[in-house]
Amino acid sequence: MSEAAAAWLRPRRRAGRTAKSLLAFVAALATTLLGLLVATFILGRVIPHDPVVAVIGDNATPEAYAAMRSKLGLDQPLLTQLGIYLDNVAHGDLGISLVTSRPVAEDLRARMPATMELATLATIFGALVGIPAGVLAAARHGRLTDQLVRVAALLGYSVPVFWLGLLFLLVFYLKLDLLPGPGRISVWNQGIVPTVTGSLLVDSLLAGETDVFWDAAAHLVMPVTILGLIAVAYICRMTRGFMLYQLKQEYVLTATVKGAGRLRILWNHAFRNTLVQVVTIVALNSGLALEGAVLTEAVFDWPGIGSYATEALFRADMNGVLGVTLLIGVVFVIINALTDLAYRFLDPRVA
Amino acid sequence: MPAQPTLATTGQLAGSAPRSALQAALLRTAEACADIWASRLTRVGIVLVAMMVLASLAAPLLTPYSPTTTDLGARLLQPSLSHPLGTDDLGRDVLARLLYGGRATFAIVFGTLVLIVPLGLLVGVTAGFFGGIVDVVLMRLTDIFLAFPRLVLALALVAALGPSLFNAIIAVALTSWPAYARIARAETMTLRRADFISILKVLGASRPRIILFHIVPLCISSVLVRATVDLAGIIIITAGLGFLGLGVQPPYPEWGAMVSEGRRFMQDQWWMATFPGLAVLAVSLGFNLIGDGLRDVMDPRA
């Protein structure tokens with residue numbers, strides 16, 4: 001084959017390969033999502049409570065019981081039931097919540113923004129603190145600063161968030177009265193600003209209500225710090241690892257020999273090479289923050305999907321629990337997939 | 001900066017070439033232990049965990065109180081000489097509940113390990129050894145489990161099965177095994193084409209025999225390392241389940257549940273929620289320190 005022909009073929013072959021790997025990617029994503037649905041379906045069937053009784057109560061007549069049973073599709077074969085379930089989910093129907101007597105999907109839609117606001121800010125907090133701390137630790141590898149950062153990160157990993165949240169409430173709210181207590185906003189500020197984006201910070205600014213804005217911001221401080229702590233620890237440790245690897249590379253030596261300043265080598269050379277990995281870690285972490293929100297919300301009575309799940313849990317409302325499980329699972333899978341895709345795109349060596 | 005005594009220690013311990021597989025394994029373990037013990041932070045971790053485990057095992061020797069017997073005359077007492085960590089709202093000694101509560105935590109950790117290590121090994125080694133469609137199916141399954149956020153899946157599982165110690169173990173185990181399957185698979189893939197495996201095949205060893213006696217033993221160490229790194233996470237998830245009331249059921253003590261019980265009394269009886277949380281922190285920090293040290297020894301890059 002001539003040189004020219006090879007050059008002509010190369011991009012095509014590459015395009016074909018990209019398409020193929022993209023197809024494999026979509027197929028993998030689809031199977032994972034399907035698996036997720038089958039898992040929540042199975043979980044919904046193993047419960048010891050009778051779902052029919054849960055809906056109509058236990059003094060219903062046998063006829064009413066049978067009628068409800070067939071209405072819920074429970075007299076069908078399991079595979080048909082799975083089909084019904086998948087069809088319902090595809091239409092956004094996650095069943096009726098026993099706690100609120102409203103469709104679970106509607107409840108989740110109403111509560112998701114509160115969780116999103118919390119998780120997003122926590123991730124930003126994690127990145128803002130964790131990345132510089134990790135870079136600093138790597139730059140001072142083996143010295144006191146490194147050890148301190150390392151121990152701090154380990155502490156952040158090890159602390160049970162629900163407990164630390166309670167301690168924060170005790171100190172900053174009950175004892176010192178510096179910050180507002182549980183909840184998203186003070187009672188007197190409730191329902192003042194119209195919901196536009198669902199984020200109270202943004203909505204209050206849009207409505208020009210600065211009092212509400214500061215109130216909401218003050219309520220966010222503790223939950224964001226608590227939830228962000230895990231993110232800080234995780235992002236810091238990974239950043240440190242990436243940076244240590246880069247700082248050992250020969251180009252760093254070259255730059256040093258050429259007389260580049262330490263800061264310049266650290267940030268312009270080494271850190272830039274870790275950016276793809278760091279961004280990946282931050283993105284993956286936003287999925288984890290969603291999960292951590294369950295406990296954080298339980299502690300701070302935060303009206304998001306996490307506390308929705310625990311409320312449903314205490315009332316044996318499987319529709320509510322599984323709705324949240326599915327939602328967090330799907331967001332988690334999609335974030336992972338997007339991160340993976342971005343990683344391949346940004347770093348051609350991976351693809 | 002941890003010291004790096006590997007070569008020196010190896011030389012001292014080994015002396016000559018090991019004569020049996022057992023001796024080799026012992027030497028390797030001893031060498032790894034020496035490396036791990038060399039880091040001060042890791043030593044702290046080992047001591048921390050050992051103390052907590054021993055204390056909870058020796059609970060009856062360390063406290064005269066029962067963890068479950070209520071004494072309404074002794075409600076909400078401050079920490080004092082007779083009750084070093086105070087008493088709870090039912091007059092039970094917090095220290096006693098803490099010590100006995102550790103048993104629940106360690107039982108869950110131990111139970112989880114007993115379930116996930118063999119399960120992960122089995123799935124991973126099978127997938128790696130046979131490859132092809134077996135590999136694809138098993139690894140897809142693994143990915144699906146990995147895709148679930150762990151705490152949320154555990155929560156849904158316990159909600160479905162009903163809260164109890166046993167179900168908490170099942171839930172934590174089901175959310176933990178995929179990582180082990182992945183590691184075991186990766187190890188197996190590197191071994192699959194090794195000469196000694198081909199020789200075994202020629203000699204007529206059956207596949208189960210090759211897998212169980214020749215591949216699994218070689219995968220165990222990396223799986224166990226991973227397990228140590230994971231233990232802190234398992235403790236935290238366990239405590240989280242307990243906090244939500246999904247673990248050990250009252251009146252039996254469990255640290256997460258104790259924090260939740262103390263929540264109502266936070267303002268004036270801070271000791272009820274504070275000490276059990278500290279216990280969780282201590283154990284999980286201990287495991288994290290050990291895991292960190294292990295990681296340093298195994299992968300100097302990180």
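Naming: A, B, ... by sequence-line order, numbering from 1 per chain. Since the structure is predicted, the reported quantities are computational estimates derived from the model, not experimental observations.
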**Request:** Measure distances from A:T310 to the heavy atoms of chain B and classify the residue's part below 4.5 Å as side chain, backbone, both or neither.
**Result:** side chain
**Asked** Any salt bridge between B:E261 and B:R97, counting N to O under 4.0 Å?
**Response** yes
**Asked** Pick from A:A28, A:G292, A:S158: which one has the most heavy-atom pairs with chain B under 4.5 Å?
**Response** A:S158
**Request:** Measure A:F242 against the heavy atoms of chain B and call it side chain, backbone, both or neither at under 4.5 Å.
**Result:** neither
**Item:** Contact leader toward chain B among A:L322, A:V321, A:V333, A:L154, where contacts are heavy-atom pairs under 4.5 Å
**Value:** A:L154
**Request:** Please flag which part of A:V151 lies under 4.5 Å from any non-hydrogen atom of chain B: side chain, backbone, both or neither.
**Result:** side chain
**Item:** Under 4.5 Å from any heavy atom of chain B - which part of A:A312
**Value:** neither
**Complete:** Max heavy-atom pairs within cutoff under 4.5 Å with chain B, candidates A:V294, A:N336, A:L169, A:I328, goes to A:I328
**Parallel, tilted or perpendicular: rings of B:W270 and B:F275 (30°, 60°)** = tilted
**Request:** Go through the atoms of A:L313 and report whether side chain, backbone, both or neither lie under 4.5 Å from a heavy atom of chain B.
**Result:** side chain
**Message:** Please classify the contact of B:I235 with chain A as side chain, backbone, both or neither, using a heavy-atom distance under 4.5 Å.
**Reply:** neither
**Request:** Find the one option among B:V280, B:L244, B:D143 whose heavy-atom pairs under 4.5 Å with chain A are most numerous.
**Result:** B:L244
**Request:** Give a yes or no on whether A:F41 atom CZ has more than 12 heavy-atom contacts from other residues, nucleotides or ligands under 6.0 Å away.
**Result:** yes
**Request:** Flag the pair A:E311 and A:R111 as a salt bridge only when some basic side-chain nitrogen lies within less than 4.0 angstrom of an acidic carboxylate oxygen.
**Result:** yes
**Member of B:L278, B:T238, B:L281 meeting the side-chain contact (heavy atoms from CB on, under 4.5 Å) criterion with A:P160** = B:L281
**Message:** If you compare all heavy atoms of B:F287 against all heavy atoms of B:A232, which two are closest, and at what distance to 0.1 Å?
**Reply:** CB-N, 3.8 Å
**Asked** Can you say whether the rings of A:Y234 and A:Y157 are parallel (under 30°), tilted (30 to 60°) or perpendicular (over 60°)?
**Response** perpendicular
**Asked** Charged N to carboxylate O under 4.0 angstrom, A:D146 versus A:R150?
**Response** no
**Item:** Winner by heavy-atom pair count (cut-off under 4.5 Å) against chain A, out of B:L155, B:L153, B:L141
**Value:** B:L155
